[in-house]
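In what follows, a structure is listed as C-alpha cells, so that the remarks can point back to it.
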Amino acid sequence: MRKATLTRILSSSSYIIPGFVEIPFPPLNSHGGSLPFPLTASRTSSVFAHPLSRNVSTFLPPPEWIEPFIDISDLTIQNPRNLQSSPWIDRITNLLQDSPTMESDLSSFCHRFLIRLSPNFIAHVLGSTRLSKTTKVAFQFFRWAEKQKGYTHKLESYVFLIDLLSSSAQDSEVIRTLVAEIRDRGFVMTSSTSNSLIRSLGVMGMVEELLWVWRWMKENGIEPSLYTYNFLMDGLVNSMFVDSAEQVFEAMEAGKIQPDIVTYNILIKGYCKLGKTQKAMDRFREMESKHVHPDKITYLTLIQSFYSDGDFDACLGLYNEMEEKGVEIPSHAYSLVIGGLCRDGKVIEGYAVYESMGRRGCKANVAIYTALIDSFAKGGDVEEAMKLFEKMKDEGLEPDEVTFSVVVNGLCKAGKMEKAVECFKFCRENGVPINAVLYCSLINGLGKGGMVDEAERLFEEMEEKGCVRDSYCYNALIDAFAKAGRIDSALALFKRMEDEGCDQTVYTYTILIDGLFKKHKNEEALKFWEAMIDKGITPTPASFRALSMGLCLSGKVARACKILDDLAPMGILPDSAFEDMINVLCKAGRVKEACKLADGIIDRGREIPGRVRTVLINALRKAVSVIMHLDRKIISVIHDKSFWDVPIPSSTSWRRHVRVSSFIHLDTWLLSPP
DNA sequence: CTAGGGTTAG
C-alpha cells in the first residue's frame, strides 16, 4: 500500500513543481502534503515537527542527510533487507544538466527541501549509468557535493568519477588531482575500488598513479586477484611499458596466481605493439605447454600484427591453424587473410578462403569483395572480377568509391574503356563520391588508350568540381602526353604542377626522362635526372631503367655506366640496373656493347644472373657475325666455365642444362682460336 | 566485470 502511494507520488504532476528554481525561497505550504518526502514514518514526523518558515529558521533542524535507499523492511517481514530506491534520486538526477546554473539549482533545491545529499547518495548517483555521457556534469556535481556542510566524499565517489572521466578520455590532469586527493585522505582500500582504479588509470596510461594504487593495495593487505593483474598488465601495455608488463607476467608465473588466456593475450598484444611479432609468436608457442589455449583473440592479434608486417604467409598459417583447431574465426581475420593473399597476387588462394568463409556462414564485406575484385583484375581476369562485382551487389552490398575505383581501373587495364567510362558515369549519376583516385584511374586508362583529349578534359573537370589534384593525377596526364609524343604539353604540365604547389615525385621525373629520350632530347632528359637527384628524390629501378635505356640507345653506354657507378656507393642501385641495360642493348642488336657491359660487371666482381646470360646467348646466336668481331677478352669470358657453367632457366627455348660452352663449341670454327 | 580490430584503390 505504501509502495503504491510512492509510485503515485512519483508519477503525479503535482510532485514536479515547474520553475521551482526561480523561487528564491520555497514558500512551502504549511501542511506539507505535496512535499516529496521519503515515505518513512520517522522522516515524516521529523519534518512535520518543525515550522518551515524562514523567520523561524533558528528553530530549523539541520538539513537531513538523504540516503540513496530507503529501508522498507518493516513493511515486508519475509524479506528483512528490502531496499527501495529513494525518490530523491530522480529529482536530483533531473537537475544534473550541462547548464551554468546547475550548481545553484542544486543548492536552492536542497535548501528548499531542507536536505543534504549523503556521501552514499552522491556515490550512488555518480555510479549510475545516466551520467556516463556527461562527464563534465558529473565532475561539477562531485565538486558541488563537497561544499555541503559536514560532507566528505566516500572513496567510491572518487572511483566512480575517475571511471567516468577515464572512459571518456578526459584530461589526465583532473584524474591526477583526484588520485592525489584519495592519497591524502587515507582511505581504506577495497578489492573492487582498487580494481576499478587500476583499470581507469590503465586506460589513461597513468603509470605512476597505477603503481601507487598497486602499492597502496599491498599496504592495505589486499591481494591482487587475477583481474587486478590483468588490469595492471593492460594498463602497462597500453602505455607502452611492455617491459614492465613482462616483469609483472613473470612475477605472476613465480607466484600463486597463474597467467590465464587474458594475461597472455595482453602480453602478446604488447609485443605486437612494439613490432616484436616474433617474440609474440614465442609466447604464443609457449602457451600450450602451460595449458593455456590460444583463443580467437590470440590468433587475431597475431594475424593483425603479421598483416602489418606484410607477412601474409604467416597470416595464412595462423588462419589454417585456427581452422584445424576449430577456433572460432572472426570476420576480421578473414578480411586480413584474404586481403593479404590478394595483395600477394594469390587471388586463387584468396578466393578459396572467401569460399570457406561462406561455408561457415560468415558473410564477406565490401572490403573483402573489393580486394578480390582488384586482385582478379590485376591478375588479368577481368571476367571473374566483374562476376564478383555482380555477386556482391546481389548480396545486397553497396560498392563504395574504392570498389568502383578498382573496377574502373581493372576495366581500363583490360582495355575495356567503354565499360570503364560507363562505370564512371554511373558513379556520377548515383551519388558515389568521385575522388582523386577514381578520376586518376580513368585518366590513366584514357591516356594509355590513346584518348589523351578525353583524359585532359577529365583532368580539367576535377578543378571545376573542386576535387584536389594530387601528384598521381598530374602524373597520369603527364604520362598520357608523353606517351602520345606531346612532350611540350607534358613539360607545361610539369611546370603547372610546380606553380600549383603539387610536389613532383620520382614517377613524374621518370615519365619525363623517358619521354624526352624518346624525342631524342637527351641532354634535357639528363638535366631532369640531375634535377631529381638534386631535389633529394630517391631514384627507383624504373627511373634507372628510363635513364640507362635512354643513354644506351643514344650510344652513351659509358656515360650510363658512369652514372650507375656513381650511384652504387649510395646503396640504392638496384641489381637489375645493368641487367636492364644489357637487355635493352641486346634488343637493339648491340650485342658487342652488351658483352662489354657484361665484362665490366665481371670485372667488378659481380655475378651475371642466369636470365641475363640467356638474353646474351640468344642475342649472340642471332648475331654470329658479331661474335666474329669480338675481342679476345670477351671470348675468354665466354670460354670461362665459371661464368657460363650454370643451368639456364627453363623459360628459354633451351633445355635446362644446355651450356653455353657447347653452343660456343658449335661455332668455334667461326672464331679465331684463342 | 577483464582482452583483440578494421581491412579495399590510382
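A, B, ... follow the sequence lines: proteins, then strands. Residue 1 opens every chain.
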>> Side chain of A:Arg343 only, heavy atoms from C-beta on: which candidate in B:dT2, B:dA9, B:dG4 is closest?
In response: B:dA9
>> Regarding A:Ala436, tell me which of base, sugar-phosphate or nothing describes its non-hydrogen contacts under 4.0 Å with the strands shown.
In response: base
> Between A:Phe142 and A:Phe139, what is the ring plane arrangement, given parallel below 30°, perpendicular above 60°, and tilted in between?
Replying inline: parallel
> Of the nucleotides B:dA3, B:dG10, B:dC1, which one has an atom closest to the side chain of A:Tyr227?
Replying inline: B:dC1
> What nucleotide, of B:dA9, B:dA3, B:dG10, holds the atom closest to the side chain of A:Val406?
Replying inline: B:dA9
>> Under 4.0 Å between a side-chain nitrogen and a carboxylate oxygen: does that hold for A:Lys391 and A:Glu355?
In response: no
> Side chain of A:Asn409: nearest nucleotide among B:dG4, B:dG10, B:dT8?
Replying inline: B:dG10
> Is the distance between the ring centroids of A:Trp214 and A:Tyr229 less than 6.0 Å?
Replying inline: yes
>> Please report the distance, rounded to the nearest Å, between CD1 in A:Ile368 and P in B:dT8.
In response: 11 Å
> Does the pair A:Arg428/A:Glu461 count as a salt bridge with the N-to-O cut at 4.0 Å?
Replying inline: yes
> Nearest-Å distance, CG (A:Leu411) to P (B:dG10)?
Replying inline: 14 Å
>> Nearest whole Å is fine: how far is B:dA9 P from A:Asn475 CG?
In response: 19 Å
> Which part of the nucleic acid does A:Cys473 contact within heavy-atom distance under 4.0 Å: base, sugar-phosphate only, or nothing?
Replying inline: base
>> What's A:Asp400 touching, base or sugar-phosphate or nothing? Going by heavy atoms closer than 4.0 Å.
In response: base
>> Whole angstroms only, please: what is the CD-P distance between A:Glu401 and B:dG10?
In response: 14 Å
> Of all the nucleotides listed (B:dA9, B:dG6, B:dA3), which has the minimum atom distance to the side chain of A:Gln304?
Replying inline: B:dG6
>> Of the options B:dA9, B:dA3, B:dG4, whose atoms approach the side-chain atoms of A:Val402 most closely?
In response: B:dA9
>> Under 4.0 Å, heavy atoms only, any strand: does A:Tyr307 hit a base, just the sugar-phosphate, or nothing?
In response: sugar-phosphate
> A:Tyr354 side chain N/O closer than 4.0 Å to the phosphate oxygens (OP1, OP2) of B:dT7?
Replying inline: no
> Given B:dG4, B:dG10, B:dT2, which nucleotide is nearest the side-chain atoms of A:Val262?
Replying inline: B:dT2
> Should A:Ser305 and A:Ser308 be marked as a side-chain hydrogen bond (donor to acceptor under 3.5 Å, both in side chains) after you check the CA-CA gap, both sets of side-chain angles, and the distance that decides it?
Replying inline: CA-CA 5 Å; A:Ser305 189; A:Ser308 310; 5.9 Å; no
>> A quick test of your reading: do over 12 heavy atoms of other residues, nucleotides or ligands sit less than 6.0 Å from CD of A:Glu253?
In response: yes
>> Without decimals, in angstroms, what is the distance between A:Tyr271 OH and B:dA3 P?
In response: 19 Å
> Taking atom P of B:dG5 as reference, at what distance in whole Å does atom CG of A:Leu302 sit?
Replying inline: 12 Å
> Can you tell if the side chain of A:Thr193 reaches within under 4.5 Å of the side chain of A:Tyr158, non-hydrogen atoms only?
Replying inline: no
> NA contact type, A:Asn230, heavy-atom cut-off 4.0 Å: base, sugar-phosphate, or nothing?
Replying inline: base
>> Using a 4.0 Å cut-off on heavy atoms, which residues in residues 499-513 of chain A reach DNA chain B? List them by number, or say none.
In response: none
> Which part of the nucleic acid does A:Leu336 contact within heavy-atom distance under 4.0 Å: base, sugar-phosphate only, or nothing?
Replying inline: nothing
> Choosing from B:dA3, B:dG5, B:dT8, which nucleotide comes nearest the side chain of A:Ser331?
Replying inline: B:dG5
>> Without decimals, in angstroms, what is the distance between A:Leu267 CG and B:dG4 P?
In response: 13 Å
>> Which nucleotide wins on minimum distance to the side chain of A:Ser441, given the candidates B:dG5, B:dT2, B:dG10?
In response: B:dG10
>> With a 4.0 Å limit, can you tell me whether A:Arg199 has a side-chain N or O closer than that to the phosphate oxygens OP1/OP2 of B:dC1?
In response: no
>> Among residues at least two apart in sequence or on other chains, which ones pass salt bridge (charged side-chain N to carboxylate O under 4.0 Å, His left out) with A:Lys378?
In response: A:Asp374
> Has the side chain of A:Asp470 got a donor or acceptor that lies under 3.5 Å from a partner of the other kind on the base of B:dG10?
Replying inline: yes
> Considering only B:dT8, B:dG10, B:dG5, which nucleotide approaches the side chain of A:His332 most closely?
Replying inline: B:dG5
> Ion pair present between A:Arg199 and A:Asp163, side-chain N to carboxylate O less than 4.0 angstrom?
Replying inline: yes
>> Please report the distance, rounded to the nearest Å, between OH in A:Tyr319 and P in B:dG4.
In response: 24 Å
> Can you check whether A:Lys378 has a side-chain N or O nearer than 4.0 Å to OP1 or OP2 of B:dT8?
Replying inline: no
